[in-house]
Amino acid sequence: MHPEPVDVTPPSASPPPSPVRSPSRSPSRKRKIVLGSLLAVALAGGAVAGVAGWRILQQKDAKLTTPDEVAGLRLDRSERAASTADYLRTAIGAQIDLDESIGAVYADPAAADRSVLIFGGTTLLLSPERDLDSLFDLLSDDTGKVNGLKGVDAGDLGGVMKCGTSASPEGDMPVCGWADHGSVAIAMFPGRSIDDSATLLRDIREGIQER
């Protein structure tokens, strides 16, 4: 009787264990949304800064002149008008550091009591509205508080324009002013309405401002 054969074949190798996969490193959906939002804000901020920078470059080199005639008005060269204009031009120079300043009285040929007094100047203004408001404050110190200030259309030259009223012996007098990144000016309009004064100031500005 022969003995049972013995199996000497080595046991077959067991299959290698499956590699353990590390957790996914891709950002979660929530993180993607947050990063996307931050990028959008950054891009929007860059766009705003670019628009503001372009506006400054476009407006900063302004010049103001006082021609003999503008918007149907004539420059008043009388001693009294010159004295008043010089006084206000000096006052604005003490309030805002200007490169150049102007002051003038323009007479209305149709009505002697509707002369327009305008004063202002040119320099680089980073905050035009703030500088315009400081000029209204200066005028308030000299002539009485300017009341009811409100924004009005600044016209094609841009910037900011506001109008209000100041008390005078003849009644409330409209006061309007503009400011951009290169100039600031205020004018007084006795005998006119605020709407008429705003329209006239836009016309005057187009006649005296250059860039």
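R114 contributes no side-chain N or O that, together with a main-chain N or O of R192, makes up a donor-acceptor pair within less than 3.5 Å. Panel note: side chain S83, backbone E79; no donor-acceptor pair is recorded below 3.5 Å. No donor-acceptor distance shorter than 3.5 angstrom exists from the side chain of R205 to the backbone of A185, with no hydrogens or angles considered.
Among all heavy-atom pairs drawn from G159 and D180, the shortest one is CA-CB, 4.0 Å. Between S166 and V146, the shortest heavy-atom distance links the atoms CB-CG2, 4.4 Å. Looking at every heavy atom in both residues, G121 comes nearest to L98 through CA-CD1, 3.8 Å. Shown here for A104 and L75, the closest heavy-atom pair between the two residues is CB-CD1, 3.7 Å. The two residues A198 and C163 come nearest to each other via the heavy atoms CB-SG, 3.8 Å. Taking all atoms of both residues into account, the shortest heavy-atom contact from G177 to F136 is N-CZ, 3.8 Å.
Contact check for D97 versus T123: no side-chain heavy atoms found under the 4.5 Å cut-off. For the pair L125 and Q59, the minimum side-chain heavy-atom distance is 4.5 Å or more. Residues F189 and D196 are not in side-chain contact: their nearest non-hydrogen atoms beyond the backbone lie 4.5 Å or more apart. In this structure, the side chains of I102 and I208 come closer than 4.5 Å at one or more pairs of heavy atoms. Residues S183 and W178 are in side-chain contact: their nearest non-hydrogen atoms beyond the backbone lie under 4.5 Å apart.
Enclosure of atom CG in D153 by more than 12 non-hydrogen atoms of other residues, nucleotides or ligands within 6.0 angstrom is indicated.
Atom CZ of R89 sits about 5.0 Å away from atom OG of S101, to the nearest 0.5 Å. Note that the OG atom of S127 and the CG atom of L132 stand 12.0 Å from one another [nearest 0.5 Å]. Rounded to the nearest 0.5 angstrom, D108 CG and S115 OG are separated by 7.5 Å. Distance CG/L139 to CE/M188: 5.0 Å, rounded to 0.5 Å. L135 CG to L88 CG: the interatomic distance, rounded to the nearest 0.5 Å, is 9.5 Å. Separation of atoms CG (L64) and CD (E100) is listed at 8.5 Å; rounding is to 0.5 Å.
By the criterion of side-chain heavy atoms lying less than 4.5 angstrom apart, applied directly or through intervening Ile, Leu, Val, Met, Phe, Trp or Tyr residues, L117 is not grouped with Y106; the two fall into different hydrophobic clusters. One hydrophobic cluster holds both L200 and I118 under the rule that ILVMFWY side chains link at heavy-atom gaps under 4.5 Å. Note on M161: it clusters hydrophobically with V116, by side-chain heavy-atom contacts below 4.5 Å among ILVMFWY residues. Under the 4.5 Å side-chain contact rule for hydrophobic residues, I96 and V160 share a cluster. Linking ILVMFWY side-chain heavy atoms closer than 4.5 Å, directly or via other members, places L124 and L157 in two distinct hydrophobic clusters.
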- Task: In sequence, state the C-alpha distance, the side-chain angles, and the governing distance for D133 and K162, and then conclude on side-chain contact (heavy atoms from CB on, under 4.5 Å).
- Result: CA-CA 9 Å; D133 288 342; K162 294 183 178 183; 3.0 Å; yes
- Item | Pair D195-S193, side-chain hydrogen bond (donor to acceptor under 3.5 Å, both in side chains): steps then yes or no | CA-CA 5 Å; D195 290 343; S193 68; 5.5 Å; no
- Can you list the steps and then say if S134 with D131 is a side-chain hydrogen bond (donor to acceptor under 3.5 Å, both in side chains)? CA-CA 5 Å; S134 70; D131 290 312; 4.5 Å; no
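A salt bridge does not link R202 with D156: every distance from a Lys NZ or Arg NE/NH1/NH2 to an Asp or Glu carboxylate oxygen is 4.0 Å or more.
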